[in-house]
Amino acid sequence: AQTVTQSQPEMSVQEAETVTLSCTYDTSESDYYLFWYKQPPSRQMILVIRQEAYKQQNATENRFSVNFQKAAKSFSLKISDSQLGDAAMYFCASLGGSEKLVFGKGTKLTVNP
Amino acid sequence: DAGITQSPRHKVTETGTPVTLRCHQTENHRYMYWYRQDPGHGLRLIHYSYGVKDTDKGEVSDGYSVSRSKTEDFLLTLESATSSQTSVYFCAIRGQQGKELNTEAFFGQGTRLTVV
């Protein structure tokens with residue numbers, strides 16, 4: 001079975017500070033991708049960052065980076081220098097060879113000025 | 001804009017009636033997905049398609065059926081709507097031909113369905 005677990009329903013961070021969102025996953029596939037998507041109040045889903053499982057190097061996109069621990073099946077998202085516009089629901093997701101795209105329950109991030 | 005449109009955007013229906021939601025894409029993406037989003041449950045996969053007439057079940061497929069008779073359209077049908085199917089439904093597409101990195105999914109704007 002392919003599952004994604006986000007254990008933090010809500011998180012908050014002060015503007016300009018750093019926050020880490022947690023995600024664990026389970027899959028029986030050897031080749032897969034992991035993602036973080038952002039959903040602001042507009043409900044539009046936006047890809048934040050993508051990690052290919054066969055790449056050991058952690059992905060980074062500007063202020064966003066991941067800590068990918070393959071053996072532990074952990075995939076956390078770090079947001080540096082948090083901005084008010086980062087406030088949103090964040091979803092962790094996995095995509096395997098079956099082409100099934102599975103999401104976690106999400107973490108609601110609040111950014112305090 | 002990834003060229004994906006959901007219709008209708010809002011719908012209120014009565015318990016026991018059939019309902020069909022449409023997802024239309026203009027980008028020739030191979031894979032299409034239907035999700036429902038409910039507070040506390042995130043996005044749950046209902047059904048997905050990996051080609052014309054090729055579909056498979058997701059984690060919450062009971063009470064739903066799908067059809068994909070052409071690349072552009074993926075229909076989700078609630079055979080006999082129940083109040084537990086009140087939700088926001090999202091369609092997603094992925095896998096544009098010719099693109100190297102075709103793992104990114106693009107989402108429609110969602111359909112808010114209320115079953116009374």
Side-chain angles (χ1 to χ4, degrees), chain A residues 1-10 21-27 29 31-55 59 61 64 66 75 88-109, chain B residues 1-6 9-10 23 29-52 54-61 66 68 74 87-97 99-113:
Chain A
Q2 188 177 341
T3 61
V4 176
T5 302
Q6 294 179 250
S7 58
Q8 306 156 315
E10 297 186 22
L21 308 185
S22 301
C23 173
T24 59
Y25 63 93
D26 194 15
T27 179
E29 309 207 31
D31 189 19
Y32 54 91
Y33 294 84
L34 299 167
F35 309 87
W36 281 97
Y37 280 84
K38 169 184 176 181
Q39 186 183 44
S42 67
R43 292 198 325 213
Q44 183 61 41
M45 294 286 285
I46 303 163
L47 177 65
V48 174
I49 199 164
R50 163 179 39 214
Q51 174 78 42
E52 297 160 74
Y54 65 87
K55 289 188 176 179
E61 288 287 343
F64 299 87
V66 298
F75 183 62
M89 283 291 290
Y90 285 82
F91 292 98
C92 180
S94 74
L95 174 67
S98 65
E99 309 299 347
K100 187 179 289 188
L101 179 60
V102 175
F103 287 81
K105 293 184 177 182
T107 297
K108 182 180 180 181
L109 178 66
Chain B
D1 183 7
I4 176 172
T5 305
Q6 289 185 230
R9 294 291 312 281
H10 301 271
C23 179
H29 287 260
R30 179 179 176 183
Y31 305 102
M32 300 184 76
Y33 303 82
W34 276 109
Y35 296 90
R36 60 178 290 175
Q37 183 174 16
D38 306 285
H41 291 278
L43 285 158
R44 291 182 290 177
L45 181 63
I46 305 172
H47 283 280
Y48 67 107
S49 170
Y50 44 93
V52 173
D54 290 324
T55 65
D56 205 348
K57 294 180 180 180
E59 55 192 306
V60 290
S61 59
V66 290
R68 192 172 179 195
F74 192 32
S87 186
V88 178
Y89 291 84
F90 283 95
C91 175
I93 60 176
R94 184 184 68 80
Q96 190 173 25
Q97 292 186 16
K99 293 281 189 178
E100 275 192 21
L101 283 177
N102 61 5
T103 59
E104 180 177 358
F106 299 92
F107 286 77
Q109 294 175 295
T111 294
R112 183 174 293 278
L113 176 68

A:Leu95 versus chain B, heavy atoms under 4.5 Å apart: side chain, backbone, both or neither? side chain
If you define the side chain from C-beta out and look only at heavy atoms, does anything of B:Phe107 sit under 4.5 Å from A:Arg43? no
By a 4.5 Å heavy-atom criterion (distance strictly below it), what part of B:Leu43 contacts chain A: side chain, backbone, both, or neither? both
If one checks every heavy atom of A:Gln2 against chain B at 4.5 Å, the contacting part turns out to be neither
Residue A:Lys105 excluded, over 12 heavy atoms near NZ under 6.0 Å: no
Donor-acceptor contact below 3.5 Å, side chain B:Tyr35 vs main chain A:Phe103: no
Under 4.5 Å from any heavy atom of chain B, what part of A:Glu99 do you find: side chain, backbone, both or neither? both
Chain A heavy atoms under 4.5 Å from B:Arg44: which part of the residue, side chain, backbone, both or neither? neither
Dump the intermediate steps for side-chain contact (heavy atoms from CB on, under 4.5 Å) on A:Tyr37 and B:Glu104, then the final yes or no. CA-CA 10 Å; A:Tyr37 280 84; B:Glu104 180 177 358; 4.2 Å; yes
So which of A:Gln6, A:Lys108, A:Lys100 has the biggest tally of heavy-atom pairs under 4.5 Å with chain B? A:Lys100
How close do B:Thr103 and A:Phe35 get, counting heavy atoms only, and between which atoms? O-CZ, 3.6 Å
